[in-house]
Amino acid sequence: MASLSVIVITKNEAHNIQACLQSVLFADQIVVLDSGSTDGTPDMARKLGAEVSENLDWKGFGVQKNRALALARSDWVLSLDADERVTPALQAEMQAAMESPSYEVYGFPRLSSYCGQYMRHSGWYPDRITRLFKRNAAMFSDELVHERVITSHPIGQLESPLLHESFRNFEAVLDKANRYSTAGAQILLEKGRTASVGKAIAHGFWAFFRTYVLRRGFLDGRMGLVLAISNAEGTYYRYLKLWLLAQPASAQPAPVSEPRSSR
């Protein structure tokens, strides 16, 4: 039978790690690579049978996931974030695909929750992601955030969704908007992009219109409106911070802190 390693990178994921790992106890190996948790995440992972390692030299999500990938020993690898859960239906599809593979790399839809509501519109679904692959068939890009699987192989598609408990409450929304807008501004700066206050406003407005109208966020009800506003704010902050990076040092935002593994 084909063997499976699950890899998860973590920092302070005590509220997530148990449900995540319990959903993949069928795997032959579970690798948790922690980057300095202070809330007991590593101990919780060990109690569920995970092989826990630590690396404090944070260089971004992509680099950290490649480090975790290097610890995998099985034929196949499934990469998860701590706030994701494999359903029994997705487990069955993955196991069937690994036993009789038509592809060496697979993707599947992801169903994400926003402050307690699963969002089926707003550009959040089906949100197909590539996460299951033969160990030597793929790796991760080295972006600071929004890393992706890189492969030269064609990608097969499974149909059962991965569950993503992305935002437990609005405090988590605000925290992530701040962290990711700072990281996003730095990435844009490295690419030579520029911004102004006017551009920041325009990009924010476009993010709202795209989420709420073009991606039919209105069909998600009141939370669809809240999400569209949140997307607009995060985009506005990203471009405003990019503009501020070109200002005198006293006006610049604080350097980006290490993002947690939840996405």
Side-chain angles (χ1 to χ4, degrees), residues 1-11 20-21 23-24 26-35 50-51 53 55 57-87 89-112 123-164 166 180 183-184 186-188 190-191 259-263:
M1 294 181 64
S3 59
L4 174 67
S5 293
V6 175
I7 59 173
V8 187
I9 64 171
T10 59
K11 183 176 182 182
C20 174
L21 298 190
S23 76
V24 291
F26 61 90
D28 301 277
Q29 180 194 23
I30 300 176
V31 172
V32 171
L33 181 58
D34 192 75
S35 56
E51 299 175 11
S53 299
N55 191 306
D57 181 26
W58 179 263
K59 296 186 181 300
F61 282 106
V63 172
Q64 195 78 343
K65 287 191 175 183
N66 280 326
R67 290 167 175 166
L69 177 59
L71 300 173
R73 299 187 301 270
S74 299
D75 304 319
W76 290 81
V77 175
L78 171 66
S79 173
L80 291 181
D81 292 334
D83 58 357
E84 295 173 337
R85 291 90 175 89
V86 174
T87 65
L90 180 56
Q91 174 188 339
E93 270 199 85
M94 289 193 300
Q95 288 177 322
M98 290 185 293
E99 287 304 316
S100 300
S102 300
Y103 298 88
E104 295 191 4
V105 182
Y106 285 93
F108 37 76
R110 180 169 65 169
L111 181 60
S112 299
W124 273 36
Y125 191 79
D127 185 28
R128 289 190 174 273
I129 53 175
T130 303
R131 295 291 190 81
L132 177 67
F133 49 87
K134 284 191 174 180
R135 183 159 47 88
N136 296 317
M139 61 181 297
F140 295 92
S141 61
D142 61 0
E143 280 94 348
L144 178 62
V145 294
H146 303 306
E147 76 293 340
R148 66 191 187 282
V149 168
I150 299 174
T151 181
S152 60
H153 298 275
I155 302 172
Q157 292 295 333
L158 307 180
E159 295 305 318
S160 297
L162 177 74
L163 296 184
H164 183 206
S166 53
Y180 274 61
Q186 291 181 341
I187 292 170
L188 290 174
E190 292 169 0
K191 292 180 178 179
R260 292 191 295 271
S261 61
S262 299
R263 298 192 58 207

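Everything numeric here is computed off the predicted structure, so don't read it as measured data.
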## Note on the structure
For Trp76 and Ala97 the tightest heavy-atom approach is CZ2-O, 4.5 Å

### Query
Do the non-hydrogen side-chain atoms of Leu144 and Tyr180 ever get within less than 4.5 Å of each other?
no

#### Entry: Any Arg73 side-chain heavy atom under 4.5 Å of Glu51 side chain
yes

### Summary
Sequence neighbours excluded, the answer for side chain to side chain contact (heavy atoms under 4.5 Å, CB included) partners of Thr151 is Val105, Ala138, His153, Ile155

### Query
Would you say Leu162 and Val86 make side-chain contact, with heavy atoms under 4.5 Å?
yes

### Message
The criterion is salt bridge (charged side-chain N to carboxylate O under 4.0 Å, His left out); which residues satisfy it with Glu99, sequence neighbours excluded?
### Response
none

### Non-neighbouring partners of Ala72 that pass side chain to side chain contact (heavy atoms under 4.5 Å, CB included), sequence neighbours left out
Ser5, Ile7, Gln29, Val77, Arg135

### Message
Quick one, Trp124 with His164, criterion side chain to side chain contact (heavy atoms under 4.5 Å, CB included). Give me CA distance, side-chain angles, the key distance, then yes/no.
### Response
CA-CA 11 Å; Trp124 273 36; His164 183 206; over 6 Å; no

### Query
Is there side-chain contact between Asp75 and Met98, with heavy atoms separated by less than 4.5 Å?
no

### Message
Just verifying a value: how many Å separate Gln64 CD and Glu147 CD, rounded to the nearest 0.5 Å?
### Response
11.0 Å

### Task
Check Val6 against Ala27 and note the closest heavy-atom contact, atom names and distance.
CG2-CB, 3.6 Å

### Message
Please enumerate all residues that pass side chain to side chain contact (heavy atoms under 4.5 Å, CB included) together with Ile150, with sequence neighbours excluded.
### Response
Met139, Ser141

### Query
Can you name the residues that form a side-chain hydrogen bond (donor to acceptor under 3.5 Å, both in side chains) with Asp57, not counting sequence neighbours?
Arg67

### Query
Any sub-3.5 Å donor-acceptor pair from Arg148's side-chain atoms to Ile129's backbone N or O?
no

### Query
CZ/Phe108 to CD/Gln157 distance, rounded to the nearest 0.5 angstrom?
9.5 Å

### Query
What pairs with Ala50 under side chain to side chain contact (heavy atoms under 4.5 Å, CB included), at least two apart in sequence or on another chain?
Leu21, Ile30, Val32, Ala45, Val52

#### Entry: Straight-line distance of Tyr103 OH to Lys134 NZ, nearest 0.5 Å
14.0 Å

### Query
Where is the tightest heavy-atom contact between Ser23 and Cys20, given as atom of each residue plus distance?
OG-O, 2.6 Å

### Summary
Sorted by chain and residue number, the side-chain hydrogen bond (donor to acceptor under 3.5 Å, both in side chains) partners of Ser53 (sequence neighbours excluded) come out as none

### Message
Are the side chains of Lys65 and Asp81 in contact, using a 4.5 Å heavy-atom criterion?
### Response
yes

### Query
To the nearest 0.5 Å, how far apart are OG1 in Thr10 and CG in Leu80?
12.5 Å

### Query
For Asp127, which residues count as a side-chain hydrogen bond (donor to acceptor under 3.5 Å, both in side chains) partner, sequence neighbours excluded?
Arg110

### Message
Counting C-beta onward and ignoring hydrogens, is there a side-chain heavy-atom pair between Asn55 and Ile9 closer than 4.5 Å?
### Response
no

### Query
So how far is it from Met1 CE to Asp28 CG, rounded to the nearest 0.5 Å?
8.0 Å

### Task
Mind checking the CG-CG spacing from Leu90 to Leu163? Nearest 0.5 Å is all I need.
8.5 Å

### Query
What ring pair (Phe, Tyr, Trp, His ring centres under 6.0 Å) pairs are there with at least one residue in residues 125-145, not counting sequence neighbours?
none

### Query
If we only count heavy atoms from C-beta on, is the Leu78 to Met94 side-chain gap below 4.5 Å?
yes

### Message
Just to verify, what does Glu93 make a side-chain hydrogen bond (donor to acceptor under 3.5 Å, both in side chains) with, not counting sequence neighbours?
### Response
Ser160

